[in-house]
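Here is the structure we will look at, set down as structure tokens.
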Amino acid sequence: MPERLCKNAISIMNITCTIREIQSLLRREKNKGNKIGFVPTMGALHEGHLSLIKCAKQENETVVVSIFVNPTQFNDREDYTQYPRNIDQDIRKLESYLSPEDMIFAPSVNEMYAEPDNRVFHFGGLDEVMEGLHRKGHFNGVAQIVSKLLTIIEPTRSYFGEKDYQQLVIIKDLVRQLDLPVEIRGCPLIRDADGLALSSRNKRLSNSEREAALWVPHLLFRARDMYATTTIAEIKQYVNDQVQSIPHLKLEYFEIADETQLSPLQDKQDSPYPRGFIAVYVDNIRLIDNVKFY
Ligand code: AMP
């Protein structure tokens, strides 16, 4: 599908599907002395993605948005095949945000993985808790694709959402390990008016599932309010009991962790910067969320 778009390239924006072409377009921008802001996405764009793009537009002369559903970061085949894809709609949304010098990079799987990527990354335990514990290989796949994209594009700055907070911490570590000359910028989590964290997967929720999903932010904020007066063990028990009582929901984890080390806390003394992290299945749709507790 990306090839079809590239062949019929729409005039006002640069849409490219090959590494060669994006690099050639970028050379032109870099020769002008332009700073490049890069926003990697898996498409099915919503206001959360668009907030990163707005931020990138404010801080750089040229913005690159990539749209690529990366197979190596999915530990669940069905989640990969069911992942929402609508590149035509994505391009229409981007048209009102991007300027003629900006670029959309929408490569195919073959373009990104012409050869299998066998690299194994280590993140000193950051990848062994929460998402890393429950989605085996997920962060290795994220590290593979993000390191490839950052090497291809060589942006000045790259933008990631706090929606995937653990991912943001791991990418900062990846860039440090590989000495990549890019500034990683974290951007705030954007919620719908009803509190649900915006996510491409929300598109798959039925009305009753969406109603149940609203308990996810509700419980996180409730847990945050309890934090001053209640033990961590009691808060965890409370969240667990509540999720169990709500139809459609199944808790995968709820942790209160230090936001830099990501180690789940047993004792409040162990971190001045605690954050609540949750992953919940709404029937077979997996949602994550997090909230600062300090
Ligand atoms: P994805 O397309 O899910 O891989 O997300 C691409 C980027 O958008 C990642 O850096 C995400 O953290 C970020 N993002 C996704 N949802 C939100 C949101 N609700 N608020 C802020 N950033 C988000």
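Both ligands and their constituent atoms are indexed starting at 1 by order of listing. Heads up: numbering here begins at 1 and tracks the sequence.
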Checking contacts here: is it the side chain or the backbone of Pro40 that comes within 4.0 Å of ligand 1, counting heavy atoms only? Could be both or neither. backbone

Got the closest protein heavy atom to atom 12 (O) of ligand 1, with its distance? Asp164 OD2, 2.7 Å

Check: Ser51 N/O within less than 3.5 Å of ligand 1 N/O: no

Check ligand 1 against Leu198 and write out every atom of the ligand that is under 4.0 Å from a heavy-atom position of the residue. 16 (N), 17 (C), 18 (C), 19 (N)

In the protein, what heavy atom is nearest to atom 23 (C) of ligand 1, and what distance, to one decimal place, separates them? Lys163 CB, 3.7 Å

Determine, stepwise, if the pair Glu209 / Arg204 fulfils salt bridge (charged side-chain N to carboxylate O under 4.0 Å, His left out). CA-CA 9 Å; Glu209 286 171 340; Arg204 296 179 53 207; over 6 Å; no

Which pair of heavy atoms, one from Ala197 and one from Ile288, lies closest together, and at what distance? CB-O, 4.5 Å

Quickly, which of Lys172, Arg275, Lys292 forms a salt bridge (Lys or Arg N to Asp or Glu O under 4.0 Å) with Glu259? Name it, please. Arg275

Side chains of Gln144 and Thr72: do they bring a donor and an acceptor to under 3.5 Å? yes

What distance do Phe277 atom CZ and Asp289 atom CG have between them, rounded to the nearest 0.5 Å? 10.5 Å

Around atom 22 (N) of ligand 1, find the nearest protein heavy atom and jot down its residue, atom name and distance. Gly161 CA, 3.5 Å

When you look for heavy atoms under 4.0 Å from ligand 1, do you find them on the side chain of Tyr83, its backbone, both, or neither? side chain

Short version for Leu52: what comes under 4.0 Å of ligand 1, heavy atoms counted, is side chain

Verdict with reasoning, Lys93 to Glu95, per salt bridge (charged side-chain N to carboxylate O under 4.0 Å, His left out): CA-CA 6 Å; Lys93 281 188 186 159; Glu95 269 172 339; over 6 Å; no

Heavy-atom nearest pair, Pro274 first then Ser271, reads N-OG, 3.5 Å

Is it the side chain (CB and beyond), the backbone, both or neither of Pro188 that lies under 4.0 Å from ligand 1, heavy atoms counted? backbone

Among all the protein's non-hydrogen atoms, which is closest to atom 15 (C) of ligand 1, and how far away is it? His46 CE1, 3.9 Å

